[in-house]
Amino acid sequence: MKAFGYAALATVILFFATIFIVSPILSNIGYDSAESSYHLTTHALLITLIFTVIFCTIAGARYIVEEVERIIHHKNEE
């Protein structure tokens, strides 16, 4: 249940970071016209999702490598 709460909190934080940080950046590079105003939020959320997946992949890979090294080190001590 605690993990679900953290995930919900992270989702809210990422959404507001997207709205207040990524959207203005995209708006300055040409997404401020009337026909693309609906796409601004969608594209900002997609960009945030891409970088979130990259970050989580890197963090997960580091965790896996550390665990494998710990297991190898533990087996070598035996």
Side-chain angles (χ1 to χ4, degrees):
M1 195 66 170
K2 192 175 185 181
F4 180 74
Y6 285 143
L9 180 65
T11 302
V12 171
I13 290 171
L14 282 172
F15 175 75
F16 283 113
T18 298
I19 297 302
F20 294 117
I21 296 171
V22 179
S23 290
I25 293 171
L26 288 178
S27 178
N28 286 334
I29 61 171
Y31 276 96
D32 56 351
S33 64
E35 66 270 359
S36 66
S37 62
Y38 295 111
H39 297 292
L40 174 64
T41 306
T42 304
H43 289 169
L45 287 170
L46 285 172
I47 289 171
T48 304
L49 175 65
I50 289 168
F51 284 109
T52 302
V53 168
I54 290 170
F55 172 77
C56 290
T57 302
I58 291 170
R62 284 185 181 172
Y63 175 76
I64 291 170
V65 167
E66 288 174 2
E67 287 297 313
V68 168
E69 287 176 350
R70 186 183 63 80
I71 291 170
I72 291 172
H73 181 69
H74 180 69
K75 286 191 177 194
N76 287 339
E77 287 181 351
E78 292 180 348

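If you're wondering where the values come from, they're calculated on a predicted model, not measured in any experiment.
Connection of L26 to F51 is established within a shared hydrophobic cluster, with ILVMFWY side chains joined at heavy-atom distances below 4.5 Å, either directly or through further cluster members. In the hydrophobic cluster analysis, where Ile, Leu, Val, Met, Phe, Trp and Tyr join through side-chain heavy atoms closer than 4.5 angstrom, I29 is grouped together with L40. Follow the hydrophobic side-chain contacts under 4.5 Å out from I58 and you reach I50 in the same cluster.
The OG1 atom of T42 sits 11.0 Å away from atom CD1 of I47, with the distance rounded to the nearest 0.5 Å. For the atom pair CZ of F15 and OG1 of T41, the computed distance is 7.5 Å after rounding to the nearest 0.5 Å. Here the straight-line distance linking atom OG1 of T18 with atom CD1 of I25 works out to 10.5 Å at 0.5 Å rounding.
None of L9, T48, L49 except one satisfies the side-chain contact (heavy atoms from CB on, under 4.5 Å) rule with L14; the exception is T48.
Side-chain contact between V22 and L45: absent, with no pair of heavy atoms (C-beta onward) separated by less than 4.5 Å. Side-chain contact between H43 and L46: present, with at least one pair of heavy atoms (C-beta onward) separated by less than 4.5 Å.
In terms of heavy atoms, S23 sits closest to I19 at CB-O, 3.4 Å. Between T11 and A7 the shortest heavy-atom distance is OG1-O, 2.8 Å.
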